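Hydrogens, waters and symmetry mates play no part in the numbers below; they use all other heavy atoms, side chains included. Worth saying up front: this structure is predicted, and the values here are computed from it rather than measured.
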Amino acid sequence: MKPKVLIANRGEIAVRIMRTCREMGIPSVAVYSDADRDALHVEMADQAFRIGPPLASASYLSIEAVLDAARRAKATLIHPGYGFLAERAAFAEAVGEAGLTFVGPSPGAIETMGDKAAARLVADASGMPMVPGTPEPVDTKQARKQAERIGFPLLVKASFGGGGKGMHIVRDAAHLEEALKRGAREARSYFGRPEVFLERYVDRAHHVEAQILADTHGNVVFLGERDCTVQRRYQKLIEETPSTAIDDAMRERFADAAVALVRETGYVNAGTIECIVDEDGDFFFLEMNTRLQVEHTVTEMVTGLDIVALQIGVAMGESIAGLTIEPRGAAIECRINAEDPGRNFMPGPGRITRCVEPAGPFVRVDAGFGEGREVPGDYDSMIAKLVVSGIDREQARRRMLRALDEYTVEGVPTTIPAHRWILETKEFRTGRHTTTWAERALAEAHLPAQGELGPSGPSVREGRPADILVEVDGRRVGVRVFDERRDMAPKPPESHAAAHQEHVHGEVRAEMQGTIVKVLVEKGQDIRAGEVICILEAMKMENHIAATRDGEVTDLPIRAGQVVETGQVLAVID
């Protein structure tokens with residue numbers, strides 16, 4: 001039967017997989033929720049099927065809905081992308097039971113390595129260096145005893161998931177219980193399982209991962225390492241290869257350890273082994289991601305390999321015995337998210353009113369959204385990935401700065417200003433940054449809210465401005481013209497107006513659409529400025545909404561589970 005691939009995902013990764021399928025002459029099938037009805041991945045696919053409402057649990061996380069679409073499309077393979085069902089053993093098993101081929105590892109491998117505690121045992125057995133932690137998930141009572149054994153600081157981590165979701169640093173025993181509860185709550189929300197475990201936290205470290213590929217014929221190859229040290233809220237912002245924390249001798253040890261772990265598990269297809277590298281240059285196992293990684297693109301840029309094509313080939317029984325790995329130069333990826341760095345990276349869903357992507361030699365843009373497309377608030381905030389390569393790291397860094405300067409996105413805020421700032425810092429230029437550096441440094445940098453910025457991403461709420469060239473004294477000058485009749489000029493940052501309103505009227509309003517996860521105060525309660533009123537989840541991120549003044553909570557018109565709109569009153573403090 002002629003192959004046909006259904007992509008059980010959305011956004012930029014669905015588009016990226018479709019492009020490879022097209023090059024391979026394989027038809028592609030998209031699935032979409034009501035929130036993505038007009039999305040780019042739906043338009044690009046050879047076929048597209050609706051699988052449910054915007055709620056992920058009723059659409060992209062519904063195994064039954066995805067398999068039903070596969071049957072209707074007469075697909076032969078299912079590629080899960082990353083996120084959603086990508087690391088669900090039950091999904092891989094259901095795909096096999098339906099007579100389809102899963103583009104990924106076996107259900108057993110996903111089950112073992114997806115359980116972070118079980119993965120630690122396997123990694124330890126393979127000889128991989130380990131960070132101290134718990135051998136299995138813990139409850140509150142067990143956690144106290146285990147924390148004493150491991151020592152602070154430590155991490156609470158979701159046992160069945162990745163991407164930094166459900167992960168929290170705990171620096172003392174007083175904050176352990178709350179971190180356990182929050183981690184379990186997030187783990188259940190993101191991955192459907194509430195289990196968490198504990199692990200020693202290494203403060204000053206690089207986050208380095210090994211990209212591996214294994215086939216059904218017993219061949220395992222190491223495709224190189226990636227450095228994902230630039231992070232915020234455990235979410236990667238910038239990734240690169242090779243890592244500045246690894247020399248050739250260590251790279252060889254790292255590769256050997258990664259291959260040994262893969263052989264220990266009998267793993268097949270693409271996967272990533274994530275480690276931390278401490279100040280002494282030693283590496284320790286963190287977890288294994290049994291799927292394609294967001295940052296696979298930088299490996300492709302230096303090796304010239306199409307990892308998605310290799311994944312599909314392996315799934316169809318092809319051998320990788322003759323695969324030649326010859327990395328050249330360096331590559332950097334910036335995740336372009338619909339978030340405002342000047343407002344504590346607040347998610348900013350909405351319609352992209354203008355988009356101009358960078359181009360030129362050795363520049364790649366993997367985008368899931370373009371001009372006129374709606375970035376929904378129901379899912380994560382990634383718009384695109386900007387990737388560049390160069391002869392060496394410094395050339396790649398300068399090329400990325402040039403590409404970022406050319407990248408224009410209007411209508412929604414983006415992380416572009418933060419990427420520019422990070423790439424210019426001495427810490428990044430010299431490779432002396434750590435996993436905790438970016439979050440701290442960005443907080444101290446006081447980047448302006450994007451309503452205050454120029455063409456790189458103003459928060460234009462209505463209409464579109466016109467960009468024209470005028471000549472003044474023989475010089476060509478770019479000018480942006482706004483139609484005052486339609487109130488189209490960039491407005492001051494909403495955070496300023498909101499803060500003023502709160503101080504004057506005592507109202508705390510939602511700065512974005514989202515769902516109230518938890519309400520932490522009661523009506524009639526006295527509260528101080530800075531105390532958290534509620535937790536608002538938007539675009540898969542938990543946001544702690546705090547009081548901006550002292551006073552009494554005189555009105556609290558919200559409850560857990562309630563969906564709130566931008567500008568809606570959450571509390572009144574008098």
Colleague: Using side-chain heavy atoms (C-beta onward) and a distance below 4.5 Å, is V365 in contact with Y407?
Modeller: yes
Colleague: Taking side chain as C-beta onward, heavy atoms only, is M167 less than 4.5 Å from L155?
Modeller: yes
Colleague: If only side-chain N and O atoms count, and only distance matters, is there a donor-acceptor pair under 3.5 Å linking E274 with Q293?
Modeller: yes
Colleague: On a heavy-atom basis, which atom in C21 and which in I312 lie closest, and how many Å separate them?
Modeller: SG-CD1, 4.1 Å
Colleague: With a 6.0 Å cut-off (strictly less than), is the heavy-atom count around CZ of R398, excluding the residue itself, greater than 12?
Modeller: no
Colleague: Any salt bridge between E339 and R233, counting N to O under 4.0 Å?
Modeller: no
Colleague: Quick one, Y60 and D378 - any side-chain contact, counting heavy atoms below 4.5 Å?
Modeller: no
Colleague: Less than 3.5 Å apart, which donor and acceptor atoms pair up between the side chains of residues 383-392 and the rest of the protein, not counting sequence neighbours?
Modeller:
from, atom 1, to, atom 2, distance (Å)
K385, NZ, E12, OE1, 3.3
K385, NZ, Y82, OH, 3.4
K385, NZ, V294, O, 2.7
D392, OD1, E394, N, 3.4
D392, OD1, Q395, N, 2.9

Colleague: Return yes if some donor-acceptor pair links the side-chain N/O of H419 with the main-chain N/O of L401 below 3.5 Å, else return no.
Modeller: no
Colleague: Heavy atoms only: give me the nearest V409-C355 pair and the separation to one decimal.
Modeller: CG2-SG, 4.4 Å
Colleague: Do side-chain atoms of N9 reach the backbone of P80 as a donor and acceptor pair under 3.5 angstrom?
Modeller: yes
Colleague: Keeping the roles fixed (side chain from R399, backbone from I332), state whether a donor-acceptor pair exists under 3.5 Å.
Modeller: no
Colleague: What closest approach, in Å, do D278 and F284 show between heavy atoms, and which atom pair accounts for it?
Modeller: OD2-CE1, 3.4 Å
Colleague: Applying side chain to side chain contact (heavy atoms under 4.5 Å, CB included), run through T435 and Y201 and close with a yes or a no.
Modeller: CA-CA 11 Å; T435 52; Y201 178 68; 4.3 Å; yes
Colleague: Looking only at side-chain N and O atoms, does T297 offer a donor or acceptor that is under 3.5 Å from a partner on E333?
Modeller: yes
Colleague: Hydrogens and angles aside, do S243 and E225 bring a side-chain donor and acceptor to less than 3.5 Å of each other?
Modeller: no
Colleague: CG of N269 to CD of Q311: how many Å apart, nearest 0.5 Å?
Modeller: 5.0 Å
Colleague: Can you tell if the side chain of V103 reaches within under 4.5 Å of the side chain of L292, non-hydrogen atoms only?
Modeller: no
Colleague: Just wondering, do P376 and R10 contact through their side chains at under 4.5 Å, heavy atoms?
Modeller: yes
Colleague: Within the distance-only criterion (no hydrogens, no angle test), does the side chain of R351 pair as donor or acceptor with the backbone N or O of G411 below 3.5 angstrom?
Modeller: no
Colleague: Measure from NZ or CZ of R393 to the centre of the six-membered ring of F428 and say whether it is under 6.0 Å with the direction within 45° of the ring axis.
Modeller: yes
Colleague: Looking at R429, I'd like to know if its CZ atom is crowded, meaning that more than 12 non-hydrogen atoms belonging to other residues, nucleotides or ligands lie closer than 6.0 Å.
Modeller: yes
Colleague: Minimum heavy-atom separation for D340 to P413, with atom names?
Modeller: CB-CB, 3.7 Å
Colleague: Atom CE of M301 and atom CZ of R364: how far apart are they, to the nearest 0.5 Å?
Modeller: 6.5 Å
Colleague: Step by step, would you call I416 with I336 a side chain to side chain contact (heavy atoms under 4.5 Å, CB included)?
Modeller: CA-CA 6 Å; I416 290 173; I336 311 302; 3.9 Å; yes
Colleague: Without swapping roles, check the side chain of T353 against the backbone of E410 for a donor-acceptor pair under 3.5 Å.
Modeller: yes
Colleague: Is any side-chain heavy atom of R432 closer than 4.5 Å to one of W437?
Modeller: no
Colleague: How long is the gap from CD1 on I307 to CD on E300, to the nearest 0.5 Å?
Modeller: 4.5 Å
Colleague: Under 4.5 Å between any side-chain heavy atoms of T229 and V277, yes or no?
Modeller: no
Colleague: In terms of side-chain geometry, is the basic nitrogen of R16 or D306 positioned less than 4.0 Å from the acidic oxygen of its partner?
Modeller: yes
Colleague: For the atom pair OG1 (T303) and CD (E326), what is the distance rounded to the nearest 0.5 Å?
Modeller: 10.5 Å
Colleague: If I take atom CG from residue N219 and atom CG from residue L323, how far apart are they, to the nearest 0.5 angstrom?
Modeller: 9.5 Å
Colleague: Run the side chain to side chain contact (heavy atoms under 4.5 Å, CB included) check on R397 and M400 step by step: do they pass?
Modeller: CA-CA 5 Å; R397 187 187 72 87; M400 178 60 82; 5.8 Å; no
Colleague: Working to the nearest 0.5 angstrom, can you tell me the gap between E511 CD and L536 CG?
Modeller: 10.0 Å
Colleague: Classify the side-chain pair D227/H206 by whether it contains a donor and acceptor separated by less than 3.5 Å.
Modeller: yes
Colleague: Is R251 paired with D248 through a side-chain N to carboxylate O contact shorter than 4.0 Å?
Modeller: yes
Colleague: Donor-acceptor check, side chain of N344 to backbone of M346, threshold 3.5 angstrom: yes or no?
Modeller: no
Colleague: Return yes if a side-chain donor-acceptor contact under 3.5 Å exists between R354 and T408, otherwise no.
Modeller: no
Colleague: Are S33 and Y379 close enough that a side-chain donor and a side-chain acceptor fall under 3.5 Å?
Modeller: yes
Colleague: May I ask you to decide if M382's main-chain N or O and D380's side chain share a donor-acceptor pair within less than 3.5 Å?
Modeller: yes
Colleague: Strictly distance-based, threshold 3.5 Å: is any side-chain N or O of Q211 a donor or acceptor partner for the main-chain N or O of G271?
Modeller: yes
Colleague: Please test T434 against E279 for side chain to side chain contact (heavy atoms under 4.5 Å, CB included), starting from the C-alpha separation and ending with a verdict.
Modeller: CA-CA 10 Å; T434 66; E279 292 181 289; over 6 Å; no
Colleague: How are the rings of F283 and F254 set relative to one another: parallel (under 30°), tilted (30 to 60°) or perpendicular (over 60°)?
Modeller: perpendicular
Colleague: Exactly one of Q231, R335, H296, H207 should register a side-chain hydrogen bond (donor to acceptor under 3.5 Å, both in side chains) with E239. Which one does?
Modeller: R335
Colleague: Checking the side chain of Y32 only, and the main-chain atoms of A35 only, is there a donor and an acceptor separated by less than 3.5 Å?
Modeller: no
Colleague: Could you list the residues that satisfy side chain to side chain contact (heavy atoms under 4.5 Å, CB included) with A418, not counting sequence neighbours?
Modeller: P341, F345, L442, L447
Colleague: Could you tell me which non-hydrogen atom of G567 sits nearest to which non-hydrogen atom of R509, and how far apart they are?
Modeller: O-NH1, 2.7 Å
Colleague: V220 and side-chain contact (heavy atoms from CB on, under 4.5 Å): which partner among I320, V259, L261?
Modeller: V259
Colleague: Where do A367 and L40 come nearest, in terms of heavy atoms and distance?
Modeller: O-CD2, 3.8 Å
Colleague: Counting N and O atoms only, with roles assigned by atom type, does the side chain of T425 sit under 3.5 Å from a partner on the main chain of I422, one being a donor and the other an acceptor?
Modeller: yes
Colleague: Any side-chain heavy-atom pair from S28 and I17 closer than 4.5 angstrom?
Modeller: no
Colleague: With a cut-off of 6.0 Å (strictly less than), are more than 12 heavy atoms of other residues, nucleotides or ligands near CD of E427?
Modeller: yes
Colleague: Is the number of heavy atoms from other residues, nucleotides or ligands within 6.0 Å of CZ (R37) greater than 12?
Modeller: yes
